[in-house]
Visitor: 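Structure below; questions to follow.
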Amino acid sequence: MRPRELSRSIALFATRTPTLLPATHTNSYALGTREVLLVEPATPYGDEQRAWIEWARGLAANGRRLVAIVATHHHLDHVGGVRELTRTLDVPLWAHAETASRVGVPVARVLVDGEAITLDGVVPEQWQVLHTPGHAPGHVCLWNADERAVVVGDMVASVGTILIGPVDGDMRAYLEQLDRLACLDARLALPAHGEPIDRPTELFRYYIAHRQMREAKFVAVLAAHRAAGSVAPTAEEILSEVYDDVPRTTWPIALLSVQAHMKKLDDDALASRRAS
């Protein structure tokens, strides 16, 4: 069912996007009771864009003012409709500078870590921008301390998985930002994929522990290769050992995670040498 009212000031609207299976949709959110932020101009599909526009215009018809569209980051399943949706609704795009440089659409307001977005209403709302790189360089979350609700984009998901790739991903930064989110003690997380998450701190901590488990396995495999006198293996060569507990059909995606872990360990080693 869409749209869905999650609270007096938060609504969810899911649209079909070219995202990673098993996820098939990306959640957009409307934040605010009078002034409204729309988060995630996600869908590239015409029929879904028309439904999204109808939803947004319905908010305006009920006396709300559309302030801006926010993109949490630049991946296609989050900005696939950005050009059409901003143009048709005549609403500006807000995003982090790292996202602004990648979306090919003018960004009217560059979001920076720690800044507050205040939305007028019967009770004004304040959403704090959190720059949370790792999944993408310009990834941002939005935190409402009064509601203890946080829009988390692709930091976690309640369906599917979160890919940290070796090109624009950063595993160390991702783990650091997950820990930052866990320290918020949020009561509700609003992910881009899947259902809203109650008790999100537990999920943030689980994600950290799971990634650390995978990295420990990766380190053990590398150590075994060294002990056997082997040359340093490639990511492709150790993939089956590090991800022997998941279906082979997921290995193409898992390979990207192995590469991201390799990059993190190289960065950690470099940082250690510089500190010594």
Visitor: How many angstroms lie between CG in L222 and CD1 in I238, if you round to the nearest 0.5 Å?
Guide: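 So the CG of L222 and the CD1 of I238 are separated by 4.5 Å.
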Visitor: With a 4.5 Å heavy-atom cut-off, do I10 and N144 have their side chains touching?
Guide: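 No, too far: nothing below the 4.5 Å cut-off.
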Visitor: In the hydrophobic cluster built from side-chain contacts under 4.5 Å, what are the other members alongside V156?
Guide: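 Members besides V156, by chain and number: L130, W143, V150, V152, M155, I162, I164, M171, Y174, L175, L178, L181, L184, I197, L203, F204, Y206, Y207, I208.
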Visitor: Enter the distance from L12:CG to N27:CG here, rounded to the nearest 0.5 Å.
Guide: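 Going from CG on L12 over to CG on N27, the span is 4.0 Å.
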Visitor: Mind running side-chain contact (heavy atoms from CB on, under 4.5 Å) on R148 and D185 for me, showing each step along the way?
Guide: CA-CA 8 Å; R148 290 177 52 224; D185 190 29; 3.6 Å; yes
Visitor: Going by the salt bridge (charged side-chain N to carboxylate O under 4.0 Å, His left out) test, which pairs reach into residues 187-201, not counting sequence neighbours?
Guide: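 Sorted result for residues 187-201: R4-E195, E147-R187, R199-E202.
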Visitor: Can you find a pair of side-chain heavy atoms, one from V103 and one from L93, that are under 4.5 Å apart?
Guide: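 In contact.
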Visitor: Indicate yes or no for a side-chain donor-acceptor contact from E48 to the backbone of T15 under 3.5 Å, with no hydrogens or angles considered.
Guide: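 Checking the backbone N and O of T15 against the side chain of E48, no donor-acceptor pair under 3.5 Å is found.
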Visitor: Tell me whether V82 is reachable from L66 by hopping between hydrophobic residues (I, L, V, M, F, W, Y) whose side-chain heavy atoms are closer than 4.5 Å.
Guide: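 As far as the 4.5 Å side-chain criterion goes, V82 and L66 are connected within one cluster.
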Visitor: Measure the OH-CZ distance between Y243 and R248 for me, rounded to the nearest 0.5 Å.
Guide: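 The CZ atom of R248 is 15.5 Å from OH of Y243, to the nearest 0.5 Å.
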Visitor: Please tell me whether W52 and T43 have a donor and an acceptor in their side chains that are separated by less than 3.5 angstrom.
Guide: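 There is no such pair between these side chains.
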Visitor: Side chains of I53 and L85: does their closest heavy-atom pair fall under 4.5 Å?
Guide: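 They are in side-chain contact.
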Visitor: Where is the tightest heavy-atom contact between A95 and A71, given as atom of each residue plus distance?
Guide: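 Scanning both residues, the minimum pair turns out to be CB-O, 4.0 Å.
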Visitor: Do other residues, nucleotides or ligands put more than 12 heavy atoms under 6.0 Å from the CG atom of D47?
Guide: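 It does: D47 CG has more than 12 such atoms within range.
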Visitor: Once you round to the nearest 0.5 Å, how far does OG of S257 lie from NZ of K264?
Guide: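 S257 OG to K264 NZ: 13.5 Å, rounded to 0.5 Å.
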Visitor: Any side-chain heavy atom of L6 within less than 4.5 Å of one from P196?
Guide: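 Result yes, sub-4.5 Å side-chain heavy-atom pair found.
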Visitor: Quick one: does E84's side chain have a donor or acceptor within less than 3.5 Å of a partner on G81's backbone?
Guide: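 Absent.
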Visitor: For the residue pair H78 and H193, is the inter-centroid distance of their aromatic rings smaller than 6.0 Å?
Guide: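 Yes, close enough.
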Visitor: If we ignore hydrogens and angles and just use 3.5 Å, is the side chain of H74 paired with the main-chain N or O of G138 as donor and acceptor?
Guide: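 Flag not set: sc H74 to bb G138 has no pair under 3.5 Å.
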Visitor: Does a side-chain N-to-carboxylate-O contact under 4.0 Å join D244 and K217?
Guide: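 A salt bridge is present here (some side-chain N lies under 4.0 Å from a carboxylate O).
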Visitor: Would you say R214's side chain and V242's backbone share a donor-acceptor pair under 3.5 angstrom?
Guide: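 The answer is yes, because a donor-acceptor pair under 3.5 Å joins these two groups.
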Visitor: Yes or no on side-chain contact (heavy atoms from CB on, under 4.5 Å) for Q128 and I117, after CA distance, side-chain angles and deciding distance?
Guide: CA-CA 6 Å; Q128 183 182 10; I117 300 171; over 6 Å; no
Visitor: Between the main-chain N or O of E176 and the side-chain N or O of R180, is there a donor-acceptor pair closer than 3.5 Å?
Guide: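 It does not hold such a pair.
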Visitor: Determine, step by step, whether K263 and Q259 satisfy the side-chain contact (heavy atoms from CB on, under 4.5 Å) criterion, reporting the C-alpha distance in whole Å, the side-chain angles of both residues, the deciding distance to 0.1 Å, and the verdict.
Guide: CA-CA 6 Å; K263 180 177 182 294; Q259 293 168 340; over 6 Å; no
Visitor: Using a 3.5 Å distance criterion without hydrogens, assess whether the side chain of H135 forms a donor-acceptor pair with backbone atoms of L163.
Guide: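 It does hold such a pair.
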Visitor: How is the hydrophobic cluster of Y45 composed, in terms of its other members, when Ile, Leu, Val, Met, Phe, Trp and Tyr link through side-chain heavy atoms under 4.5 Å apart, directly or indirectly?
Guide: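 When side chains under 4.5 Å apart are linked, Y45 ends up in no cluster with other residues.
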Visitor: May I ask you to check whether T17 and D77 show a side-chain donor-acceptor distance below 3.5 Å?
Guide: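 On atom types as modelled, these side chains do not qualify, holding no pair under 3.5 Å.
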Visitor: Nearest 0.5 Å, please: how far is CD1 in I253 from CG in L21?
Guide: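 The CD1 atom of I253 is 9.5 Å from CG of L21, to the nearest 0.5 Å.
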Visitor: Grab the two heavy atoms, one from A192 and one from D154, that are nearest each other, plus how far apart they are.
Guide: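 For A192 and D154, the tightest heavy-atom pair comes out as CB-OD1, 3.6 Å.
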Visitor: Would you say that V159 contacts P22 through its side chain, given a criterion of any heavy-atom pair below 4.5 Å between the two side chains?
Guide: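 Yes, at least one pair of side-chain atoms sits under 4.5 Å.
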Visitor: Please examine the side chains of R34 and R64, heavy atoms only from C-beta on, and report whether any two atoms are closer than 4.5 Å.
Guide: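 In short, these two side chains do not touch, never coming nearer than 4.5 Å.
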Visitor: Mind checking whether L20 and L255 sit in one hydrophobic cluster, side chains of I, L, V, M, F, W, Y counted as touching below 4.5 Å?
Guide: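 No, no single cluster joins them.
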Visitor: With a 6.0 Å cut-off (strictly less than), is the heavy-atom count around CD of E54, excluding the residue itself, greater than 12?
Guide: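 12 or below, so no.
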Visitor: L38 vs F13, test: side-chain contact (heavy atoms from CB on, under 4.5 Å). Steps then yes/no.
Guide: CA-CA 10 Å; L38 299 174; F13 194 87; over 6 Å; no
Visitor: Please say yes or no: joined through hydrophobic side-chain contacts below 4.5 Å, possibly via intermediate residues, are V70 and L31 part of one cluster?
Guide: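 Shared cluster, yes.
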Visitor: Any sub-3.5 Å donor-acceptor pair from E40's side-chain atoms to G153's backbone N or O?
Guide: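 No, E40 side chain to G153 backbone: no donor-acceptor pair under 3.5 Å.
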Visitor: Looking only at non-hydrogen atoms, find the nearest pair between G104 and R83 and report the distance.
Guide: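 Scanning both residues, the minimum pair turns out to be O-NH2, 2.8 Å.
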Visitor: Judged by atom type as modelled, is there a donor-acceptor pair below 3.5 Å linking the side chain of H131 to the main-chain atoms of P137?
Guide: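 Checking the backbone N and O of P137 against the side chain of H131, a donor-acceptor pair under 3.5 Å is found.
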Visitor: Strictly distance-based, threshold 3.5 Å: is any side-chain N or O of E115 a donor or acceptor partner for the main-chain N or O of V129?
Guide: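 No, E115 side chain to V129 backbone: no donor-acceptor pair under 3.5 Å.
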Visitor: Are L37 and V91 connected, step by step, through hydrophobic side chains (Ile, Leu, Val, Met, Phe, Trp, Tyr) whose heavy atoms are closer than 4.5 Å?
Guide: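 Not linked; separate clusters.
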Visitor: For G121, is there any backbone N or O sitting under 3.5 Å from a side-chain donor or acceptor partner on T33?
Guide: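 Side chain of T33 to backbone of G121, a donor-acceptor pair under 3.5 Å: no, none is there.
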Visitor: Heavy atoms, side chains only, cut-off 4.5 Å: are V79 and V105 in contact?
Guide: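 Not touching, per the 4.5 Å side-chain cut-off.
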Visitor: Roughly how far, to the nearest 0.5 Å, is the OG atom of S9 from the CD atom of E35?
Guide: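 Taking CD in E35 and OG in S9, the distance rounds to 13.5 Å.
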Visitor: If you compare all heavy atoms of A189 against all heavy atoms of P200, which two are closest, and at what distance to 0.1 Å?
Guide: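 Nearest pair, atom of A189 first, then P200: CB-CB, 3.5 Å.
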Visitor: Any ion pair linking R211 and E215 (charged N to carboxylate O, less than 4.0 Å)?
Guide: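 R211 and E215: not salt-bridged.
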Visitor: Measure across L89 and R57 and return the closest heavy-atom pair with its distance rounded to 0.1 Å.
Guide: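 What the structure gives for the nearest pair is CD2-CG, 3.8 Å.
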Visitor: Is the closest side-chain heavy-atom distance between R16 and T26 below 4.5 Å?
Guide: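 Not touching, per the 4.5 Å side-chain cut-off.
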Visitor: Provide the closest heavy-atom pair for P133 versus Q177 in the form atom of the first, atom of the second, distance.
Guide: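 Heavy atoms of P133 and Q177 come nearest at O-CG, 3.4 Å.
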Visitor: Spell out, yes or no, whether L256 and V258 are grouped together once hydrophobic residues are joined by side-chain heavy atoms under 4.5 Å, including indirect joins.
Guide: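 Each belongs to a different hydrophobic cluster.
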